[in-house]
Trainee: 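The following block contains the structure, expressed as structure tokens.
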Amino acid sequence: MNTVASEEIERAAQLLHAGALVAFPTETVYGLGADARNADAVRRMFAVKGRPAGHPVIVHLADADLLPRWAREVSASAEALAQAFWPGPLTLILPRASTVLDVVTGGQDSVGLRVPAHPIAHALLVRLLDLGSDGIAAPSANRFGRISATNARHVADEFGDAIALILDGGSSRHGIESTIVDLTTDDPVLLRPGAIAVEALRRVLGSAPRVANARSPRASGTLASHYAPRTAARLIAPDELIHAFSTLTQPVADIAVLARSVAKPAGFTGTWIEAPEKSTAYARDLYANLRTLDARGADEIWIETPPEGSDWVAVSDRLRKATHRQ
């Protein structure tokens, strides 16, 4: 992890407090942050990102003790999950307090809250709290619907001078967004899989969270199409991927490939990335790999379908959304 000087964190906190936008690292992905108590700053963040106004953002907190400021009810399940996984890659959807801005929640009666584990994010949140603001509204630091940013260069490529400052914390440790659990009813609901697996949630809750349905709150990263490269992309099973190369027309179509178990065929001239075998490493590198393939300007990106299994659920979720054809 890169080391950010205390002076840079101070500058970032002052900028946020003044209503500017600052990108910062978390252990999941980089966030595009605005003072969550400043409606104009949050609206500007939505505009810069190109995010629909009805799509809520997650509020990042310095400590779980701040929950009562943001949620009017904190259930025993919420307290147990916070104690088990905060600081960390878990977002809790809770009934919003009356003081939470509509622009943050997308007009819903709930709010997404997280305490990030990254030391730079934590230091920034603590300093901002000293200045009188108790949360940063921060979606992923990329254009809406596109590939998330997992290092400072990705953020700079997305936004250039459109934001005031980027805090460089190196590459994100998990590489995919937080697990989101809805706790607005008596039965917890998994809205988005992430680095914290369902089995880990079950051990704390006593049973696995239910699957989301049409009545579940809107939440970050839950649309059918998300995390998507600009280049058309599709998932292909390993055996079908091998066969697909034999059907390419001559001259060979310009294809970029993200493979895991399939070997690069002889004579293949396109871009080929060999992804890690283990799910955690695959997830950590996923968005960087997708950005590399997208930058090649190929006709299409082919992605080998990942294995089935509980440890691949979050990766499979991201890939399905990245390859969804509208």
Trainee: Among Thr292, Asp294, Leu286, find the residue that satisfies the side-chain contact (heavy atoms from CB on, under 4.5 Å) test when tested with Leu290.
Mentor: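 It is Leu286, the one option of Thr292, Asp294, Leu286 that forms the side-chain contact (heavy atoms from CB on, under 4.5 Å) with Leu290.
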
Trainee: Report yes or no: is the cationic atom of Arg318 (NZ for Lys, CZ for Arg) under 6.0 Å from the centre of the six-membered ring of Trp312, at an angle within 45° of the ring normal?
Mentor: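 Negative - Arg318 is either too far from the ring of Trp312 or too far off its axis.
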
Trainee: Under the salt bridge (charged side-chain N to carboxylate O under 4.0 Å, His left out) criterion, do Asp317 and Arg192 qualify, and how do the steps go?
Mentor: CA-CA 8 Å; Asp317 171 79; Arg192 181 177 68 186; over 6 Å; no

Trainee: Which residue, Ile93, Val111, Val189, Leu94, forms the side-chain contact (heavy atoms from CB on, under 4.5 Å) with Thr184?
Mentor: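 That would be Ile93; it is the only one of Ile93, Val111, Val189, Leu94 passing the side-chain contact (heavy atoms from CB on, under 4.5 Å) with Thr184.
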
Trainee: When you check the side-chain N and O atoms of Glu79 and Gln83, is any donor under 3.5 Å from an acceptor?
Mentor: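 Note: Glu79 and Gln83 side chains miss the donor-acceptor criterion.
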
Trainee: Would you call Arg44-Asp40 a salt bridge at under 4.0 Å N-O?
Mentor: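 No, no charged N to carboxylate O under 4.0 Å.
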
Trainee: Verify, without hydrogens or angle tests, whether Ser172 (side chain) and His174 (backbone) share a donor-acceptor contact under 3.5 angstrom.
Mentor: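 Side chain of Ser172 to backbone of His174: no pair is present.
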
Trainee: Answer yes if Val115 and Leu124 sit in the same cluster of Ile, Leu, Val, Met, Phe, Trp and Tyr residues linked by side chain heavy atoms under 4.5 Å apart, and no otherwise.
Mentor: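 No; tracing contacts between hydrophobic side chains, which count when under 4.5 Å, never links both residues.
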
Trainee: So that I can tick it off, tell me whether Arg96 and Asp102 are bridged by a salt bridge, with the cut-off set at under 4.0 angstrom between side-chain N and carboxylate O.
Mentor: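 Salt bridge: yes.
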
Trainee: What's the verdict on side-chain contact (heavy atoms from CB on, under 4.5 Å) for Glu240 and Glu304, showing C-alpha distance, side-chain angles and the deciding distance?
Mentor: CA-CA 9 Å; Glu240 294 175 1; Glu304 180 185 340; over 6 Å; no

Trainee: Between Asp157 and His154, does any side-chain donor sit less than 3.5 Å from a side-chain acceptor?
Mentor: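 No pair is found: no donor N or O on one side chain lies under 3.5 Å from an acceptor on the other.
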
Trainee: Hydrophobic cluster membership, with links at side-chain heavy-atom distances under 4.5 Å among I/L/V/M/F/W/Y: are Val103 and Leu16 in one?
Mentor: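 As far as the 4.5 Å side-chain criterion goes, Leu16 and Val103 are not connected within one cluster.
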
Trainee: Step by step, would you call Arg11 with Glu7 a salt bridge (charged side-chain N to carboxylate O under 4.0 Å, His left out)?
Mentor: CA-CA 6 Å; Arg11 181 183 171 211; Glu7 291 82 2; over 6 Å; no

Trainee: Is it true that Glu274 and Arg260 have a side-chain N and a carboxylate O under 4.0 angstrom from each other?
Mentor: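 Judged by the 4.0 Å cut-off on N to carboxylate O distance, Glu274 and Arg260 do not form a salt bridge.
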
Trainee: I'd like to know if the side chain of Asp35 pairs up with that of Ser133 as donor and acceptor (distance under 3.5 Å, no hydrogens or angles considered).
Mentor: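 The answer is yes; a qualifying pair exists.
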
Trainee: Do Tyr282 and Val198 belong together in a cluster built from hydrophobic side chains that touch within less than 4.5 Å?
Mentor: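 In one cluster with Tyr282: Val198, no.
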
Trainee: Here's a test for you: under side-chain contact (heavy atoms from CB on, under 4.5 Å), which of Leu131, Leu125, Leu129 qualifies with Arg127?
Mentor: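 Result for side-chain contact (heavy atoms from CB on, under 4.5 Å) with Arg127: Leu131.
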
Trainee: Could you work out, with ring pair (Phe, Tyr, Trp, His ring centres under 6.0 Å) as the rule, every residue matching Tyr30, not counting sequence neighbours?
Mentor: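 Not a single residue meets the ring pair (Phe, Tyr, Trp, His ring centres under 6.0 Å) criterion with Tyr30.
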
Trainee: Name the residue from Arg173, Arg114, His118 that meets the side-chain contact (heavy atoms from CB on, under 4.5 Å) definition with Thr28.
Mentor: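 Result for side-chain contact (heavy atoms from CB on, under 4.5 Å) with Thr28: Arg114.
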
Trainee: Once ring pair (Phe, Tyr, Trp, His ring centres under 6.0 Å) is applied, do any residues pair with Phe46, and if so which ones, sequence neighbours excluded?
Mentor: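 Ring pair (Phe, Tyr, Trp, His ring centres under 6.0 Å) check on Phe46 returns nothing, list empty.
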
Trainee: Same hydrophobic cluster for Leu183 and Leu191, using side-chain heavy-atom links shorter than 4.5 Å among ILVMFWY?
Mentor: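 Looking at the clustering, Leu191 is in a separate group from Leu183.
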
